[in-house]
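Notes for the one structure printed next.
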Amino acid sequence: MTETEFDQPPEPASTGRRGGDPGSVWLRGGSTRPRPAPLSRERIVDAAVALLDEHGIDGLTMRRLAQLLDVTPTALYWHVRTKEDVLDLAVDRIFGDVPLPEVTDDWRTAVRTLIRDWRAAMLRHPWAPGLIGRPMLGPNVLARTERLQSALVRGGYTGLPLAVTTRLLANYVIGAALTEATWRRTTPPQAQAAARRHITADPTAYPTLTASGHLDADRWSDDDLFDHGLDAILTGTPQPGRG
């Protein structure tokens with residue numbers, strides 16, 4: 001059987017979660033039904049990431065995905081049930097681009113390296129930060145979260161401080177990537193300069209913002225601000241041993 005020779009998918013197509021369904025693609029067992037070759041889940045995810053990079057979340061449809069893969073939309077449903085599945089798989093795929101830092105006694109360097117690389121991966125795929133609130137149960141996500149927490153444990157974090165610091169770091173990198181990706185996508189360089197001029201045009205109205213260099217890309221780059229913020233979290237979070 002080829003990709004286009006069958007008539008019905010193993011499950012009805014849907015664009016959302018269904019009653020009685022475990023919800024996440026990661027919580028469902030694999031299908032025991034034979035699947036037509038050569039289409040595979042890996043090929044579907046590769047194509048989905050390419051579409052998301054080019055068109056964003058709204059531009060990803062199962063029909064467009066099928067067209068890119070040169071198959072019928074029905075063929076996709078032998079491998080994924082819904083667009084939601086595709087998005088979950090695509091997010092986990094880009095996490096696979098984040099290298100796992102080595103396990104050493106220098107836990108702060110391991111944390112910094114992992115979080116910086118996580119941000120870089122999301123900026124390469126600017127649609128990704130907006131999806132991170134989804135169930136993060138894929139193998140690539142879990143492997144990197146495990147490596148993050150193991151580094152913090154080597155630094156003495158346990159209990160509540162470990163949970164709080166993990167969440168602070170995750171929320172920080174997701175928020176930073178989302179803000180930067182949105183700003184870059186929607187605001188051309190000349191508009192960024194205009195935003196700074198808007199603030200400094202009346203320094204009596206915004207004296208602190210004028211003096212602090214708010215929105216002044218020439219004063220501090222996004223990379224500088226991110227790195228200093230990351231250092232602030234690692235030195236100012238709840239102290240190890242209090243949880």
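Given the structure is predicted, the values throughout are model-derived calculations rather than measurements.
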**Report entry** Atom CG of Asp202 with >12 non-hydrogen neighbours under 6.0 angstrom
**Finding:** yes
Report summary line: Residues Val111 and Leu152: closest non-hydrogen pair is CG2-CD2, 4.0 Å
Query raised in the report: Does Arg154 reach the main-chain N or O of Asp105 with its side chain, forming a donor-acceptor pair under 3.5 Å?
Result: no
Report task. To the nearest 0.5 Å, tell me how far Asn171 CG sits from Leu178 CG. Result -> 11.5 Å
Query - Over all atoms of both residues, closest heavy-atom pair of Ala143 and Leu100 - result: O-CD2, 3.8 Å
Report task. Looking only at non-hydrogen atoms, find the nearest pair between Ala110 and Pro101 and report the distance. Result -> O-CG, 3.7 Å
Report task. Could you pull out the closest heavy-atom pair between Ser212 and Arg219, with the gap in Å? Result -> C-NH1, 3.3 Å
Query raised in the report: Donor-acceptor pair, Asp85 side chain versus Arg81 backbone, under 3.5 Å?
Result: yes
Query raised in the report: Got a sec, which pairs hit side-chain hydrogen bond (donor to acceptor under 3.5 Å, both in side chains) with one end in residues 139-151, sequence neighbours left out?
Result: Asp92-Asn140, Gln149-Thr166
Query raised in the report: Looking only at atom types and distance, does a side-chain atom of Tyr172 sit under 3.5 Å from a main-chain N or O of Phe226, one as donor and one as acceptor?
Result: yes
Requested in this report: Show the numbers, then the answer: is there a side chain to side chain contact (heavy atoms under 4.5 Å, CB included) between Thr104 and Thr109?
Outcome: CA-CA 9 Å; Thr104 68; Thr109 294; over 6 Å; no
Query raised in the report: Taking it one step at a time, do Ile94 and Trp127 satisfy side chain to side chain contact (heavy atoms under 4.5 Å, CB included)?
Result: CA-CA 11 Å; Ile94 71 158; Trp127 49 269; 3.9 Å; yes
Query raised in the report: If Ile, Leu, Val, Met, Phe, Trp and Tyr residues are connected whenever their side-chain heavy atoms lie under 4.5 Å apart, and connections chain through other members, are Leu168 and Leu230 in the same group?
Result: yes
Query raised in the report: Same cluster for Val91 and Leu142 if Ile/Leu/Val/Met/Phe/Trp/Tyr side chains link at under 4.5 Å?
Result: no
Query raised in the report: Is there a donor-acceptor pair closer than 3.5 Å between any side-chain N or O of Arg41 and the backbone N or O of Val80?
Result: no
Query raised in the report: Between Glu180 and Met122, is a side chain to side chain contact (heavy atoms under 4.5 Å, CB included) present by the stated rule, with each step listed?
Result: CA-CA 10 Å; Glu180 291 177 48; Met122 287 190 287; over 6 Å; no
Report task. Return yes when atom NE2 of His198 has more than 12 non-hydrogen atoms of other residues, nucleotides or ligands closer than 6.0 Å, and no otherwise. Result -> no
Query raised in the report: Are Ile174 and Leu225 in one and the same hydrophobic cluster, where Ile, Leu, Val, Met, Phe, Trp and Tyr link if side-chain heavy atoms are under 4.5 Å apart?
Result: no
Report task. Find the distance between OH (Tyr77) and OG1 (Thr72) and round it off to the nearest 0.5 Å. Result -> 10.0 Å
Query raised in the report: How long is the span from the CG atom in Leu89 to the CD atom in Glu42, to the nearest 0.5 Å?
Result: 11.5 Å
Query raised in the report: In the single-linkage hydrophobic clustering (I, L, V, M, F, W, Y; side-chain heavy atoms under 4.5 Å), do Leu51 and Leu131 co-cluster?
Result: yes
**Report entry** Donor-acceptor under 3.5 Å (Lys83 side chain, Met62 main chain)
**Finding:** no
Report task. First locate atom CD1 of Ile44, then atom CG of Leu68, and finally report the distance between them rounded to the nearest 0.5 Å. Result -> 11.0 Å
Query raised in the report: Can you list every pair that meets salt bridge (Lys or Arg N to Asp or Glu O under 4.0 Å) and has a residue in residues 107-118, with sequence neighbours left out?
Result: Arg112-Asp231, Arg116-Asp227
Requested in this report: Please report the closest heavy-atom contact between Ala121 and Val98, naming both atoms and the distance.
Outcome: CB-CG2, 3.8 Å
Report task. Please report the closest heavy-atom contact between Ala48 and Val86, naming both atoms and the distance. Result -> CB-CG1, 3.4 Å
Query - Reported CD1-to-CG distance for the pair Ile199 and Asp216, which is rounded to 0.5 angstrom - result: 9.0 Å
Report summary line: Separation between NE2 (His79) and CG (Leu69), nearest 0.5 Å, reads 9.5 Å
Query raised in the report: Does any non-hydrogen side-chain atom of Asp222 lie less than 4.5 Å from one of Arg119?
Result: yes
**Report entry** Tyr157 ring center within less than 6.0 Å of Trp107 ring center
**Finding:** yes
Query raised in the report: Linking I/L/V/M/F/W/Y whenever their side-chain heavy atoms sit closer than 4.5 Å, directly or via other members, would Val45 and Ile57 fall into one cluster?
Result: yes
